[in-house]
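First up is the structure itself, then whatever we jot down about it.
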Amino acid sequence: MVETLLGYIGRPFVRSFETIERFGLFILFQLKLVSLYPHIFKRPKILFTQIETVGMGCMGVISLTALFTGMVEAIQLYNGFHQFGAENFTGYTVFYSITRELGPVFASLMLISRSISAMAAELGTMRVSEQIDAIDILGVNSKEYLITPRIVATVISLPLLVIWFDFIAVGSAYLISTGVLGINSIAYQETLMRLGEFDDIMTGVIKAAVFGFIVSSIGSYIGFHTNGGARGVGQATIAAVVYSAVAIFVTNYFISSLFLYLDW
């Protein structure tokens, strides 16, 4: 009875230490990759292939998400501003919320569901089928060949995807606001041009670059260290998606707090 009670009490502490250990191993793994990044340009074809896979593969789902996000934002903000006769501020508020928050977060989540999951599954399959071991035996650095191109490709692709998301979402919000909700198009544009700033767009782009590095690092690390056969690949894919999504929300809070502190 006492042993069982002590087991229940001690189990959370053991799991906490195991989590800290795994996080430490993840950090050490990423530090080892730093010296490999300059070698990416030795194989530009691999980098461009990964940019096409990671970035272009997400264009469809991100476009659709942005389209309806912009329309829903316009409707909901119009309902709120209409009560105070401030409908003309809908355009700027949509622009501000999408470029700074919704754009980078939603685009990152779509990239996680489409590309990071595939990245973890692909690397996991290569690990359990011993393809990664074969690459190492042939004298090729598997980390340099498989991981760093995927991380750099994601860091390059995600900011571009966020810019595309912003364009589609803001455009769809404009069409709904002026064409359906009856907001004056000239007043809508004047408010947006007067209050909107380039820093709003750059904030989302910077966030996207950071998010891209984080989610690709998580997805590639989990996939690279997969074990347990087909079941292990499935579990690794789930873990990559869940950890990446949680990391996005946590990181978004700290980056937003930093920008607020810097008054940017």
Atom [atom1] of [X] and atom [atom2] of [Y]: how far apart are they, to the nearest 0.5 Å?
{"X": "Glu197", "Y": "Phe95", "atom1": "CD", "atom2": "CZ", "result": "9.0 Å"}
{"X": "Ile222", "Y": "Ile238", "atom1": "CD1", "atom2": "CD1", "result": "11.0 Å"}
{"X": "Asn141", "Y": "Leu146", "atom1": "CG", "atom2": "CG", "result": "9.0 Å"}
{"X": "Thr93", "Y": "Leu192", "atom1": "OG1", "atom2": "CG", "result": "10.0 Å"}
{"X": "Gln50", "Y": "Thr148", "atom1": "CD", "atom2": "OG1", "result": "10.0 Å"}
{"X": "Leu33", "Y": "Ser220", "atom1": "CG", "atom2": "OG", "result": "7.0 Å"}

Run the numbers on Phe259 and Ile255 for side chain to side chain contact (heavy atoms under 4.5 Å, CB included), then give the verdict. CA-CA 6 Å; Phe259 284 144; Ile255 295 179; 3.3 Å; yes

Which pairs with one or both residues in residues 91-117 pass salt bridge (charged side-chain N to carboxylate O under 4.0 Å, His left out), sequence neighbours excluded? Arg100-Asp200, Glu101-Lys207

Give every residue pair that meets the salt bridge (charged side-chain N to carboxylate O under 4.0 Å, His left out) criterion with at least one member in residues 116-141, sequence neighbours excluded. Glu122-Arg150, Arg127-Asp133

Taking the side chain as every heavy atom from C-beta outward, state whether [X] and [Y] have any atom pair closer than 4.5 Å.
{"X": "Phe211", "Y": "Pro104", "answer": "yes"}
{"X": "Leu109", "Y": "Phe249", "answer": "yes"}
{"X": "Leu77", "Y": "Val94", "answer": "yes"}
{"X": "Thr154", "Y": "Ser115", "answer": "no"}
{"X": "Leu123", "Y": "Met119", "answer": "yes"}
{"X": "Phe165", "Y": "Thr69", "answer": "yes"}
{"X": "Gln30", "Y": "Ile151", "answer": "yes"}
{"X": "Ile214", "Y": "Ile248", "answer": "no"}

Please report the closest heavy-atom contact between [X] and [Y], naming both atoms and the distance.
{"X": "Ile40", "Y": "Pro149", "value": "CD1-N, 4.4 Å"}
{"X": "Gly212", "Y": "Val155", "value": "C-CG2, 4.1 Å"}
{"X": "Ser117", "Y": "Thr237", "value": "O-CG2, 3.6 Å"}
{"X": "Ser172", "Y": "Ala66", "value": "OG-O, 3.8 Å"}
{"X": "Ile112", "Y": "Ala245", "value": "CD1-N, 3.7 Å"}
{"X": "Ile116", "Y": "Gly219", "value": "CG2-CA, 3.8 Å"}

Above 12 or not: heavy atoms from other molecules or residues under 6.0 Å from [atom1] of [X]?
{"X": "His82", "atom1": "NE2", "value": "no"}
{"X": "Tyr243", "atom1": "OH", "value": "no"}
{"X": "Tyr37", "atom1": "OH", "value": "yes"}
{"X": "Ile186", "atom1": "CD1", "value": "no"}

Is there a path of hydrophobic side-chain contacts, each under 4.5 Å between heavy atoms of I/L/V/M/F/W/Y residues, joining [Y] to [X]?
{"X": "Leu25", "Y": "Leu36", "result": "yes"}
{"X": "Ile201", "Y": "Met193", "result": "no"}
{"X": "Met56", "Y": "Ile156", "result": "yes"}
{"X": "Val72", "Y": "Ile62", "result": "no"}
{"X": "Tyr253", "Y": "Leu260", "result": "no"}

Mutual orientation of the aromatic rings belonging to Tyr96 and Tyr92 [parallel < 30°, tilted 30-60°, perpendicular > 60°]: tilted

Angle class for the Tyr174/Tyr188 ring planes (parallel below 30°, perpendicular above 60°, tilted otherwise)? perpendicular

Start with the C-alpha gap between Asn88 and Ile183, add the side-chain angles, then the distance that decides, and say whether side chain to side chain contact (heavy atoms under 4.5 Å, CB included) holds. CA-CA 7 Å; Asn88 293 337; Ile183 299 176; 3.8 Å; yes

Starting from the C-alpha separation in whole Å, work towards a yes-or-no answer on side chain to side chain contact (heavy atoms under 4.5 Å, CB included) for Met71 and Leu67. CA-CA 7 Å; Met71 291 192 292; Leu67 178 67; 4.0 Å; yes

Show the numbers, then the answer: is there a side chain to side chain contact (heavy atoms under 4.5 Å, CB included) between Trp164 and Ser63? CA-CA 8 Å; Trp164 176 249; Ser63 299; 2.7 Å; yes

Among all residues two or more places apart in sequence or in another chain, which pass the ring pair (Phe, Tyr, Trp, His ring centres under 6.0 Å) test with Phe224? Phe29

Main-chain N/O of Tyr221 paired with His225 side-chain donor or acceptor, under 3.5 Å: yes

